[in-house]
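What follows is a single structure, written as structure tokens, with notes after it.
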Amino acid sequence: MTAHPAPTPSRIQAAEPSESGKGGFILTIDCAESPGIVHAVSEFLLRRGCYIVDIKQFGDQLVRHFFMRVHFMAIEGMPTQEELRAGFAPVAEQWSMNWRLEPHSRKERILVMVSKFGHCLNDLLFRSRNGELPVEIVGVVSNHQTHQDLVDWYGIPFHHIPVTPETKPDAEAQLLDLVERYNVELVVLARYMQVLSDNLTSVLSGRAINIHHSFLPSFKGAKPYHQAYERGVKTVGATAHYVNSELDEGPIIAQQVIEVDHSYGPADLVAAGRDAECKALTNAVRWHAEGRIILSGNRTVVLR
Ligand SMILES: Nc1nc2c(c(=O)[nH]1)N[C@@H](CN(C=O)c1ccc(C(=O)N[C@@H](CCC(=O)O)C(=O)O)cc1)CN2
């Protein structure tokens with residue numbers, strides 16, 4: 001985070017502190033590359049007495065497209081979200097921007113899906129509970145009852161939805177009911193081992209993140225560690241990606257790797273990969289919740 005100008009004590013009080021001590025808003029934009037975009041945004045902020053706390057940008061010269069995320073605050077008299085959105089809309093229209101403006105202190109409402117392996121679910125539950133992740137886990141869905149006790153302990157609703165090829169359409173309809181009922185903003189597949197249908201991935205486009213237990217594009221499918229063992233690789237990893245209709249082909253958000261050697265059997269690779277899976281998924285969920293990710297075709301721009 002870039003430090004903003006050293007304020008006098010009285011000014012600190014005026015700066016709208018939230019419980020995380022950081023207030024203000026996040027503006028995320030992308031548009032065709034052109035001179036003057038940063039000037040237009042900073043002028044908009046200056047006219048409203050706002051100052052920039054952190055700014056990240058990227059101009060992709062191959063596709064001539066510009067991406068930017070700005071965290072801004074005000075010394076005093078912070079405009080409301082509605083005032084900011086109403087004021088920025090004409091600027092965005094002038095530059096044909098895709099844009100999003102959200103409070104810095106907001107928490108993303110997420111629904112976690114899991115099958116039998118619970119290490120990623122456990123990591124998300126703990127990190128969201130201790131405030132490390134700007135998310136609220138509003139529910140957990142599983143096709144097994146393995147982790148019901150853990151989720152009950154956190155006081156979060158647990159939904160057991162068994163899936164067979166025959167029941168998958170109804171199971172997915174139940175999931176979409178929960179997404180609507182809980183006003184879910186992001187679905188996280190934390191080692192959920194059922195392939196989602198084209199219809200479901202279309203409805204959840206850009207708001208469903210999966211953790212795949214390999215360093216994609218290597219070893220797609222349900223048993224990547226066994227494939228890795230058979231291939232004799234010296235590095236294994238994990239990939240967090242947005243889910244689309246093509247299995248393990250969605251836009252990649254975050255990856256982690258772990259060095260291994262000939263002494264690792266399949267079970268050792270599985271164990272070694274757990275930490276990589278948790279870290280890649282936690283990073284992807286955090287960056288999505290913080291408005292740091294912008295899709296660019298089948299790729300992502302992560303402004304961090
Ligand atoms: N539409 C998509 N759905 C899912 C994706 C995805 O990328 N697109 N990722 C998976 C997770 N996954 C790998 O990361 C994965 C899960 C399951 C399988 C698989 O072959 N499953 C079998 C059943 C396995 C079982 O019952 O244990 C199947 O569905 O027939 C491959 C990869 C989550 N969904």
Side-chain angles (χ1 to χ4, degrees), residues 110-121 123-124 139-147 159-176 178-179 184 186-231 233 236-258 266-267 269-285 288 293 295 297-300:
I110 74 172
L111 183 75
V112 180
M113 301 184 73
V114 63
S115 290
K116 290 185 177 169
F117 294 109
H119 51 286
C120 292
L121 167 67
D123 197 66
L124 290 170
V140 174
V141 166
S142 181
N143 55 328
H144 302 288
Q145 290 180 293
T146 314
H147 304 293
H159 298 271
H160 176 217
I161 305 178
V163 179
T164 66
E166 296 71 34
T167 66
K168 187 177 276 193
D170 178 62
E172 293 193 347
Q174 289 181 55
L175 171 74
L176 286 176
L178 293 173
V179 166
V184 169
L186 177 68
V187 173
V188 178
L189 285 71
R191 293 299 302 271
Y192 181 72
M193 298 310 288
Q194 292 296 318
V195 178
L196 307 185
S197 69
D198 293 2
N199 171 63
L200 185 55
T201 57
S202 164
V203 172
L204 296 177
S205 179
R207 52 180 181 134
I209 292 174
N210 174 61
I211 185 65
H212 181 74
H213 37 314
S214 84
F215 192 69
L216 289 173
S218 300
F219 312 131
K220 296 170 181 167
K223 293 194 175 303
Y225 290 119
H226 291 74
Q227 296 175 56
Y229 174 76
E230 292 307 325
R231 186 68 187 81
V233 296
V236 294
T239 304
H241 62 90
Y242 286 112
V243 174
N244 63 17
S245 58
E246 308 305 311
L247 191 57
D248 304 330
E249 293 287 347
I252 291 172
I253 304 167
Q255 295 186 289
Q256 288 286 321
V257 293
I258 298 230
L269 295 176
V270 169
R274 284 196 196 103
D275 293 345
E277 292 166 40
C278 290
K279 187 163 180 54
L281 185 59
T282 299
N283 282 342
V285 170
H288 179 96
I293 308 171
L295 280 169
N298 197 45
R299 303 169 68 250
T300 64

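Nothing fancy with the numbering, it's 1 onward along the sequence. Every number for a ligand or one of its atoms is a count from 1 in the order of the listing. Keep in mind that what you see is a predicted model, and the values were worked out from it rather than measured.
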Spacing of OH belonging to Y242 relative to CG belonging to L186, to within rounding of 0.5 Å: 7.5 Å
Tell me the closest heavy-atom pair linking I253 and T300, and the distance in Å. CA-OG1, 4.0 Å
If the criterion is any heavy atom closer than 4.0 Å to an atom of ligand 1, which residues make the list? L189, Y192, M193, Q194, V195, L196, T201, N210, I211, H212, G221, A222, H241, V243, N244, L247, D248
Are the side chains of L189 and L196 in touch, meaning some heavy atoms are under 4.5 Å apart? yes
Could you point out which residue of E277, R274, K223, R191 forms a side-chain hydrogen bond (donor to acceptor under 3.5 Å, both in side chains) with H213? R191
Side-chain donor-acceptor pair present, S214, H212, cut-off under 3.5 Å: yes
Residues, nucleotides or ligands: over 12 heavy atoms within 6.0 Å of Y229 OH: no
